[in-house]
Participant: 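Below is a structure I'd like to ask you about.
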Amino acid sequence: MGATRIIYLDHSATTYVKPEVANAMAPYHTEHFGNPSSIYRIARDSKKAIDAARAQVAAALGAEPDEIYFTSGGSESDNWAIKGIAFANRKKGNHIITTAIEHHAVIHTCQYLEKQGFAVTYLPVDEFGLVSPAALEAAITEQTILVSIMYANNEIGTIEPIAELGAIARKHKIPFHTDAVQAVGNVAIDVKAQNIDLLSLSAHKFYGPKGVGALYIRKGTKIDTLIHGGGQERRRRAGTENIAGIVGLGKAIALATADIEGHNARIRALRDRLMQGILAKIPHARLNGHPEKRLPGNINISFEFIEGESILLWLDDEGICASTGSACTSGSLEPSHVLLATGLPVEISHGSLRLTLGDVNTDADVDFVLEVLPKVVTRLREMSPLYKGKDGGCNVQ
Amino acid sequence: MGATRIIYLDHSATTYVKPEVANAMAPYHTEHFGNPSSIYRIARDSKKAIDAARAQVAAALGAEPDEIYFTSGGSESDNWAIKGIAFANRKKGNHIITTAIEHHAVIHTCQYLEKQGFAVTYLPVDEFGLVSPAALEAAITEQTILVSIMYANNEIGTIEPIAELGAIARKHKIPFHTDAVQAVGNVAIDVKAQNIDLLSLSAHKFYGPKGVGALYIRKGTKIDTLIHGGGQERRRRAGTENIAGIVGLGKAIALATADIEGHNARIRALRDRLMQGILAKIPHARLNGHPEKRLPGNINISFEFIEGESILLWLDDEGICASTGSACTSGSLEPSHVLLATGLPVEISHGSLRLTLGDVNTDADVDFVLEVLPKVVTRLREMSPLYKGKDGGCNVQ
Amino acid sequence: MYSDKVMDHFKNPRNVGEIENASGVGEVGNPVCGDIMNIYLKIENNVITDAKFKTFGCGAAIASSSMATELVRGKTLEEAWDVSNKAVAEALEGLPPVKMHCSVLAEEGIHKAINDYRKKQGLEPWVEKNPHSHDDTEMSCGT
Amino acid sequence: MYSDKVMDHFKNPRNVGEIENASGVGEVGNPVCGDIMNIYLKIENNVITDAKFKTFGCGAAIASSSMATELVRGKTLEEAWDVSNKAVAEALEGLPPVKMHCSVLAEEGIHKAINDYRKKQGLEPWVEKNPHSHDDTEMSCGT
Ligand SMILES: Cc1ncc(COP(=O)(O)O)c(C=O)c1O
Ligand SMILES: Cc1ncc(COP(=O)(O)O)c(C=O)c1O
């Protein structure tokens, strides 16, 4: 256990809660704790706080407040959007279009629906992870009742042409959902201009608390409820409201979207120095994702001849927090479905590293990683049976 | 707006978060914020915190830690239990048994399933709100795949004979779910001894945070997932874990179940004085629910000739927080389905008041309510066209 | 949830009570719905010189009764007939959508009391111009 | 997630490298699964006098290789053959269930190296007593 200093480079997995956000939340645990459905004054304070947060989320997305529904996070929002639209439109058709690189919250939901009799098309992506609008257009049938395409990929950071994809769905009068969990705060979103009918987001990806998210549902969209019960969220999502969490989400999204360009410029500068440094210093390394159309903080690089987890363990030993892909699969043995979809060979995909920068990172962090990472890669390559010396042949390419 | 002092008598709607609980949660927002699915040390701290909370919940219920799944609250737990069992066992049968007095999180979920082709029996209750084990036995058919009966009712506080009902379901090899959202902390629960296969709970009912709950699922129970996605909660409930909330739930359930009898004795003494005082001071008032088999903090009384909301408004003016029924219907015009199920006439059910006591309440609170409430009732009766004087006839009985 | 005006009329309701030998009485609502309003009018020379009410119901029902009796006092029957539920709600600085039916009840109570008077006078009862479709009430018991 | 022992063998792996003109070599795993182990044994008078490895894989794969080579050093071939994956995992103070297959790989690597030696000696290769059903591995690529 070497390092005492922690260099956090896994902001796409989750972020810390900003102090301003934590402070905004605190009074809603012990003081303003009333159930917003109740009639008395202390409950009306809770109600007002939720209304204010709803307005903050709406403003960040270019939506109306009554189009915002609070949920327990990105996964619930994705499940609700997809199952809700599917079950509500079952009589119209049974076909859903999504992509091969979605988060598991979308993919596993679609797989579940396949067992329930729905047919799902998983659109392929190019080597950069981009979905083709023409492919979407071609996949649409009379039976298509939903298109769900993520805004930005959580592993390789690729940003999809959402407005264009949305326009195609709109033209065919098919509801268009986008999983924007990784996009909020990094890309300027305007649901109206971008033809988005449903949008998922999750607070803990932009310095808000875990366990709270939202689903934007355009007015007039036909959707079933996922969590039935009391009349909360205008009768569409039951459950006593997580007031503190909702207040935190509102505050966090307001902060995250106040100056997206300024924020991105700073992060992107750090990111580019780190990314270019790694590629310059380490041979047999390849950048995954799109060179420009990518999240400002995202780096995803494959190192040949070595395996990702062993890289992570060494980095952790130096106090560097990183991941191989999405957090929820870092304990798994399966290679990333996203990298495979971009055409990366399985054996190389095993040696991938994701570094995602955030507001805490500094130039010193970049310097440190550039010092440590090449040593780690060298060390692991030296014990790899696949590696035959710096310039030698190797049996995986 | 008269009162400055707040007398909170709506603990069944929600509780404040105890300071010990809030303190336990705080570090998990800003400090130990790592995603528990990640590999590095700061994430392992999150993982440990979740494991510890899981053990606390298991201990409180007599379950094993790996039978506890964290959710976003009571409503999600109920939806998951009911839809999850229903969809997983669809091939076996399509019949569900529940009761007429469940929370909307159960009733509306069952109604949704009716639209999906399931058949639901809503068992009646007696005048005290008790479900009859014989009626359950009689309702079971070859097609029955789930029995869901609440542990304690949220409006009238009636505690059901859960062990006995569970034994009947067990005998017929039918999974038995109980909504114990109101019971945890007030009744000693032992899922094994009581033949419970699934149990829902929600932290904000026992001085924990809002937006977090749990579902106990007995090992070996066949159940579909409600929220698909990442591998969290042993692949059964996706979504980045609400660590702070889960830590708060763990702490709160440990506190709430440490000394149930001592806690109940104190609350029950206050409650009985308030309840008997009201019934003695106010004529034409009737206690709803069971005289003994009721939650220690629950009072539910109907006052003839007047309407509940107007009572609440006056009480609020005096700083007293109360409700007419469950919080989520207090804004609605419909009379309580629970009171109607006990046989109370609709017109009388409109004049019902629920007072639910908790750890903050004192003798002074009881005295104050006993001073204020009779005046409020008198005042409203004086303007009611139904009321013909203290002893006079009236046109609703 | 309620405006200050509603709370004022709820907490200090004007004109509570009955009028003995009222010129016209309107009883509307029913206890199953949780709202009953009795409106009592004293009418002299086609003018409402006194108006009182007794109401079983929620805060909005009591406030609407109070406001409606205030609004019709001193008005001719024709003027009083034209006091719409919207006018009552507006005078109360708005009612929540689920509570709009209370203002409708108040309007109906006044109308019924006026027609009760007209019938007693041997006159044709007036006909509701636009019987309430209750479009503006989100839900309404018995309608 | 990993025991201290695993981390020690991961960070300070024993016996990394190849043995030139090894008496027996065992190559197991495949890059598609994300694990490859090459085990090199030097065998003199039926005793393993040196054991080395090269491994492409996760922390558990590297630690298992390190531990397995440690365990077989100085052992007769018969004794080394009996070093089970469980023994490797136990010596590492446990492996997470999803990583148990790494210890299986190490056992297979040793077995393969021993049989490689036996074949070179013109001897019958030994047969796996209980070919791994991999019951104890939660998931395992290629099995
Ligand atoms: C009996 C019962 N079940 C379920 C719920 C729903 O719990 P939550 O509001 O935490 O979703 C409640 C409380 O609101 C309840 O009292
Ligand atoms: C693209 C994407 N979608 C959905 C999710 C799920 O969000 P949550 O973990 O908040 O449920 C995540 C992150 O985990 C994500 O990156």
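So that the names make sense, note that chain A is the first sequence line, chain B the second, and so on, each numbered from 1.
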Participant: NZ of Lys210(B) to OG of Ser46(A): how many Å apart, nearest 0.5 Å?
Facilitator: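 One finds 6.5 Å between NZ of Lys210(B) and OG of Ser46(A).
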
Participant: When you look at Asp10(B) and Tyr40(A), which way does the side chain to side chain contact (heavy atoms under 4.5 Å, CB included) test go after all the steps?
Facilitator: CA-CA 10 Å; Asp10(B) 204 12; Tyr40(A) 35 80; 2.5 Å; yes

Participant: Enter the distance from Ile39(B):CD1 to Thr324(A):OG1 here, rounded to the nearest 0.5 Å.
Facilitator: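 Ile39(B) atom CD1 to Thr324(A) atom OG1 measures 7.5 Å (nearest 0.5 Å).
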
Participant: As an exercise, state the distance from CD1 of Ile227(B) to OH of Tyr112(A), rounded to the nearest 0.5 Å.
Facilitator: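 Reported value, rounded in 0.5 Å steps: 12.5 Å.
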
Participant: List, one per line, each side-chain donor-acceptor pair under 3.5 Å for residues 201-209 of chain B, sequence neighbours excluded.
Facilitator:
residue	atom	partner	partner atom	Å
Ser202(B)	OG	Gly74(B)	N	3.4
His204(B)	ND1	Thr14(B)	OG1	2.8
His204(B)	NE2	Thr240(A)	OG1	3.3
Lys205(B)	NZ	Ser12(B)	O	2.9
Lys205(B)	NZ	Ala13(B)	O	2.9
Tyr207(B)	OH	Asp359(B)	N	2.7

Participant: Between CZ of Phe33(A) and OG1 of Thr15(B), what distance do you get to the nearest 0.5 Å?
Facilitator: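 Output value for this atom pair is 7.5 Å.
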
Participant: Looking at every non-hydrogen atom in both residues, tell me the closest pair between Asn79(A) and Leu226(B) and how far apart they are.
Facilitator: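 Answer, listing the atom of Asn79(A) first, then Leu226(B): OD1-O, 3.4 Å.
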
Participant: Minimum heavy-atom separation for Ser72(B) to Glu76(A), with atom names?
Facilitator: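 Looking at all heavy atoms of both residues, the closest pair is OG-OE1, 4.2 Å.
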
Participant: What orientation do His29(A) and His29(B) show, parallel under 30°, tilted 30 to 60°, or perpendicular over 60°?
Facilitator: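 The rings of His29(A) and His29(B) lie parallel, inter-plane angle below 30°.
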
Participant: I need the residue from Cys321(A), Gly34(A), Gly73(A), Ala322(A) with the largest number of non-hydrogen atom pairs under 4.5 Å to chain B.
Facilitator: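 Answer, by heavy-atom pair count under 4.5 Å with chain B: Cys321(A).
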
Participant: Taking the basic N atoms (NZ, or NE/NH1/NH2) and the acidic carboxylate oxygens, is any pair closer than 4.0 Å for Arg41(B) and Asp317(A)?
Facilitator: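 No, this pair does not count.
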
Participant: Looking just at side-chain N and O atoms, do His228(A) and Lys83(B) make a donor-acceptor pair shorter than 3.5 Å?
Facilitator: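 Looking only at side-chain atoms, Lys83(B) and His228(A) do form a donor-acceptor pair, the distance falling under 3.5 Å.
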
Participant: For Thr30(B) and Tyr16(A), which heavy atoms make the closest approach, and how far apart are they?
Facilitator: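 Nearest pair, atom of Thr30(B) first, then Tyr16(A): O-CB, 3.9 Å.
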
Participant: Under 3.5 Å, is there a donor-acceptor pair between the side chain of His108(B) and the main chain of Gly229(A)?
Facilitator: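 Yes, the answer is positive, given that a donor and an acceptor are paired below the 3.5 Å cut-off.
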
Participant: Please determine whether a side-chain nitrogen of the Lys or Arg among Arg44(A) and Asp316(B) lies less than 4.0 Å from a carboxylate oxygen of the Asp or Glu.
Facilitator: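 Salt bridge flag = yes for Asp316(B) with Arg44(A).
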
